[in-house]
Enquirer: 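Take this structure, written in structure tokens, and hold onto it; I'll ask about it next.
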Amino acid sequence: ILNVEQSPQSLHVQEGDSTNFTCSFPSSNFYALHWYRWETAKSPEALFVMTLNGDEKKKGRISATLNTKEGYSYLYIKGSQPEDSATYLCAPANAGGTSYGKLTFGQGTILTVHP
Amino acid sequence: DVKVTQSSRYLVKRTGEKVFLECVQDMDHENMFWYRQDPGLGLRLIYFSYDVKMKEKGDIPEGYSVSREKKERFSLILESASTNQTSMYLCASSLPSGNQPQHFGDGTRLSIL
């Protein structure tokens, strides 16, 4: 079982603040890194899938970076809004064999944005 | 729009019962997954299927089995339900690669009394 750590476990910010959180994962046998957003009473939704070291992806006010050599990824939210309140999950995928496509999820970062 | 449908949103069963959770996807995906989510533990993989009739154990398969007789349908079976299987269960599907996103159903909140 991969050791995937996300920090912080929870975060409270004010509307308009920018925020970021971290995902740490084993760098060996790396294939891809996924980020998902999970809002209450909804299903998890894919934000990004990143594969290359130094990769940077952006979707509106949310962006993510990837460092595969040291095994971490950052997720940034610029100008947080109450609708950004959700649990953010990261999940690395390892290469090889019938485990291809299998993800190991971190425990998530719970973000609450206060109006 | 892509769709993963889980048969029940809420389910209450008794200890010792055999419980079936059904999942159907309409995207012709090869991969299908069953996870459970418990507070503070994130999503943990129970079983994974990469083709019809093919399955692989995830991280916590004990007490569960699965069935995939058709490509679009993946069933999770609790052979003899126990109270420690009270949880949120999520089904997902994806194309057969680790660089493809997984698409999730809305989840089934299962309570075992």
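These values consider heavy atoms only, across backbone and side chains, with no hydrogens, waters or symmetry-generated copies.
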Enquirer: Can you give me the closest heavy-atom contact between Gln100(B) and His34(A), atom names plus distance?
Expert: O-CE1, 3.1 Å

Enquirer: Using non-hydrogen atoms and a 4.5 Å limit, figure out which bit of Arg109(B) sits close to chain A: side chain, backbone, both or neither.
Expert: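 For Arg109(B), there is no contact with chain A at all, as no heavy atom is under 4.5 Å.
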
Enquirer: Between Pro92(A), Pro44(A), Ala93(A), Gly108(A), which has the largest tally of heavy atom pairs under 4.5 Å with chain B?
Expert: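 The answer is Pro44(A).
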
Enquirer: To the nearest 0.5 angstrom, please state how far the OG atom of Ser43(A) sits from the CD atom of Gln6(B).
Expert: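 Taking OG in Ser43(A) and CD in Gln6(B), the distance rounds to 9.0 Å.
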
Enquirer: Is Val49(A) linked to Tyr36(A) within one hydrophobic cluster, defined over Ile, Leu, Val, Met, Phe, Trp and Tyr using a side-chain heavy-atom separation of less than 4.5 Å?
Expert: no

Enquirer: Applying the 4.5 Å side-chain criterion to the ILVMFWY set and letting contacts propagate, would Phe21(A) and Leu47(A) be lumped into a single cluster?
Expert: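 Yes; Leu47(A) is reachable from Phe21(A) via cluster members.
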
Enquirer: Any non-hydrogen side-chain atom of Leu41(B) less than 4.5 Å from a side-chain atom of Gln107(A)?
Expert: no

Enquirer: If we only count heavy atoms from C-beta on, is the Leu45(B) to Lys102(A) side-chain gap below 4.5 Å?
Expert: yes

Enquirer: Are Leu33(A) and Tyr88(A) linked, directly or through other ILVMFWY residues, by side chains that come within less than 4.5 angstrom of each other?
Expert: yes

Enquirer: Treat each ILVMFWY residue as a node, draw an edge where side-chain heavy atoms are under 4.5 Å apart, and state whether Phe33(B) and Leu110(B) are in one component.
Expert: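 Not linked; separate clusters.
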
Enquirer: Would you find more than 12 non-hydrogen atoms of other residues, nucleotides or ligands less than 6.0 Å from Gln9(A) atom CD?
Expert: no

Enquirer: I need the minimum non-hydrogen distance between Gly101(A) and Gln102(B), along with the two atoms involved.
Expert: O-NE2, 3.4 Å

Enquirer: Leu89(A), Met88(B): one ILVMFWY side-chain cluster at the under-4.5 Å cut-off?
Expert: yes

Enquirer: What part of Asn99(B) lies closer than 4.5 angstrom to a heavy atom of chain A: side chain, backbone, both or neither?
Expert: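 Looking at Asn99(B), backbone and side chain both touch chain A.
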
Enquirer: Could you walk me through whether Gln37(B) and Phe105(A) pass side chain to side chain contact (heavy atoms under 4.5 Å, CB included), step by step?
Expert: CA-CA 10 Å; Gln37(B) 194 266 337; Phe105(A) 283 85; over 6 Å; no

Enquirer: For Phe48(A), is it the side chain, the backbone, both or neither that has a heavy atom under 4.5 Å from a heavy atom of chain B?
Expert: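 Answer is neither: Phe48(A) stays 4.5 Å or more from chain B.
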
Enquirer: Let me confirm one number: the CG-OH distance from Leu103(A) to Tyr35(B), rounded to the nearest 0.5 Å.
Expert: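 Rounded to the nearest 0.5 Å, the CG-OH separation comes to 4.5 Å.
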
Enquirer: Do the side chains of Phe104(B) and Trp38(A) get nearer than 4.5 Å, heavy atoms only?
Expert: no

